[in-house]
Every structure is written in structure tokens, then in C-alpha cells.
Amino acid sequence: MKRDLRYFAWLRERIGTGHESIETDAATVADLIEELRRRDEAYAFAFSDTASIRAALDQDLVDLDAPLSDAREVAFFPPMTGG
Amino acid sequence: MNVNAGVRVQSDSFDMGAVLNAFAAAMSARNAGAVVSFSGLTRDIATGDLDAMEIEHYPGMTEKALAKIRDEAIERFNLSDAMILHRYGRMGPGEPIMMVATAARHRADAFQGAEFLMDYLKSRAPFWKKEITATGAVWVAARDEDEDALSRW
């Protein structure tokens with residue numbers, strides 16, 4: 001299925017883009033991270049520590065073991081630092 | 001006050017006094033007896049020579065997350081209303097970054113509601129701070145205490 005991926009903060013900088021569309025068969029957020037890690041060194045570096053990764057499906061925060069189901073937009077980012 | 005008026009995400013600076021006065025005036029008309037507000041200012045976090053702070057956010061998700069946090073605060077603490085204003089983009093030292101305000105019949109609810117808003121805003125709203133100094137730019141790391149603070153609610 002085609003998914004829109006979004007990256008923010010240092011994840012965006014490490015990967016080198018804030019947005020891309022990919023075709024993927026990944027079933028969960030964690031599977032998708034694993035798939036991205038295998039792509040190249042920049043992704044492997046960006047996703048090297050999953051404790052420092054948060055994810056959102058269609059703009060709702062989810063756990064990394066969440067199923068992707070029919071989410072169009074998958075976002076990855078570091079822990080938030082608002083306020 | 002509707003959801004759009006209760007949640008503001010903007011790059012422009014704002015006048016804390018004017019925002020609070022407008023909120024308090026609207027709340028007074030609704031018979032609230034207590035208004036509590038908190039404002040965050042940019043300050044040095046790491047090196048002590050901050051030139052600027054840059055805040056990145058996730059347009060769309062930010063508004064959605066803030067509206068959800070606000071709705072929950074209103075419900076849990078029986079608030080007359082609550083507002084959240086948060087900036088993004090580049091700002092200088094000492095500038096206001098964000099503000100929350102709550103109103104309730106009683107002060108305990110207003111105080112607790114404001115603390116709840118701040119705790120959730122810190123680690124559940126998609127904002128990321130970057131400090132710009134003479135020696136470079138550094139992303140501000142999330143603190144474990146901020147995550148732990150959520151467990152009290």
C-alpha cells in the first residue's frame with residue numbers, strides 16, 4: 001500500500017527530507033521502521049535508537065507496535081519538547 | 001469560546017497581558033471565580049549563549065493534539081474554559097513561546113487544569129525546540145521528568 005511518510009526535527013535532518021511517498025507491505029509501525037533501516041545508512045542512523053522515536057498515524061500518536069492498517073500518513077519524530 | 005478560539009498555533013509573538021485580559025473578561029461573563037495562566041519564555045537551556053530558539057511543529061497534528069488535550073482538561077477539571085497558545089518558528093531570548101489559561105468556579109480546579117495542560121503539552125504535542133548559539137544549533141532533548149510527570153494524572 002502507498003503511504004505518505006513525514007519526518008520531523010533531527011529525524012528529518014538525518015534522513016535529508018521531511019516528506020516522501022513509498023509503497024510498502026509493512027504491517028506495523030515497527031515493521032516499517034525495520035524496512036526503512038535496511039534502505040541505507042542515513043535511515044539506519046536516524047532509526048538506530050527506537051527508544052528515541054515516536055510515531056503518529058494520520059496525525060494521532062501511536063505505539064511503535066501499532067498496526068498501520070489503512071493509515072495514509074505515517075509520521076516519525078523524536079520525543080516532543082513543547083511548552 | 002469554541003475549539004478554534006481555544007487553541008492557537010502561530011509564528012507571531014503575542015502580548016501575554018492582552019491575551020490573558022481577553023480570556024479573563026470572557027470568563028467573568030460566564031461566572032468563573034478563578035483564572036490561572038502560565039507563560040513560557042525562551043531561555044538558555046544548554047550553553048548559556050542563546051542567539052535564538054527555533055520551534056518546529058507538525059501542522060495539522062499540532063492543532064488536533066492541542067484540541068484533544070484542552071478538551072480533556074475541561075472535562076476532567078470541570079473548567080469553564082481553557083486556552084492554549086503556542087508559537088513556532090524562530091524567536092529571540094526572553095520572548096514568549098507559549099501560554100495556557102484555565103478558568104473554573106474554584107481555584108483548585110483552575111490550578112490543576114493548568115498543570116495538566118502543561119504536562120501534556122510538554123510531551124504529547126508535536127513541537128521540537130532547537131537552540132541556536134554562536135557555536136551551532138542543537139535540538140533540545142526531551143527530559144525523562146517530563147514524561148514521568150504524566151503518570152500523576
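So you know, we letter chains A, B, ... as the sequences are listed, proteins then strands, and number each from 1. The figures here come from the full heavy-atom set of this structure, side chains too, leaving out hydrogens, waters and symmetry mates.
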Transitive ILVMFWY side-chain link B/L66 to A/V62, under 4.5 Å:
no

Just wondering, are more than 12 heavy atoms of other shown residues or ligands nearer than 6.0 Å to CZ in B/R76?
yes

Indicate, with yes or no, if B/I97 and A/F8 share a hydrophobic cluster defined by side-chain heavy-atom contacts under 4.5 Å among Ile, Leu, Val, Met, Phe, Trp and Tyr.
no

Is B/V100 reachable from B/W153 through a run of I, L, V, M, F, W or Y residues, each pair having side-chain heavy atoms under 4.5 Å apart?
yes

Would you mind checking which part of B/M98 comes under 4.5 Å of any heavy atom in chain A, side chain (CB onward), backbone (N, CA, C, O), both or neither?
side chain

Taking every non-hydrogen atom, the tightest pair across B/K64 and A/D60
CE-OD1, 3.4 Å

Determine whether more than 12 heavy atoms belonging to other residues, nucleotides or ligands lie under 6.0 Å from atom CZ of B/R107.
no

What part of B/A125 gets closer than 4.5 Å to chain A, counting heavy atoms only: side chain, backbone, both or neither?
backbone

In this structure, CD1 of B/I55 is separated from OG1 of A/T81 (nearest 0.5 Å) by 7.5 Å

For the residue pair B/W128 and A/P78, establish whether any side-chain heavy-atom pair is separated by less than 4.5 Å.
yes

Would you please classify the geometry between the B/Y58 ring and the A/F77 ring as parallel, tilted or perpendicular, with 30° and 60° separating the classes?
perpendicular

Apart from B/F111 itself, its cluster of hydrophobic side chains linked below 4.5 Å comprises B/V36

Decide whether A/L61 and B/Y120 are clustered together by the hydrophobic rule: side chain heavy atoms of Ile, Leu, Val, Met, Phe, Trp, Tyr closer than 4.5 Å, transitively.
no

Tell me, out of B/K130, B/R143, B/E147, B/M118, who's got the most heavy-atom pairs with chain A below 4.5 Å.
B/K130

Neighbour count >12 (heavy atoms, 6.0 Å) for atom CD, B/E145
yes

Indicate yes or no for a side-chain donor-acceptor contact from B/H86 to the backbone of A/G82 under 3.5 Å, with no hydrogens or angles considered.
no

Kindly give the heavy-atom pair with the smallest separation between A/M80 and B/A142, and that separation in Å.
O-CB, 3.9 Å

Inter-chain contacts: residues 9-35 of chain A against chain B, heavy atoms under 4.5 Å:
A/A9, A/W10, A/R12, A/E13

One option among B/M61, B/R124, B/K68 has the most heavy-atom pairs under 4.5 Å with chain A, and it is B/M61

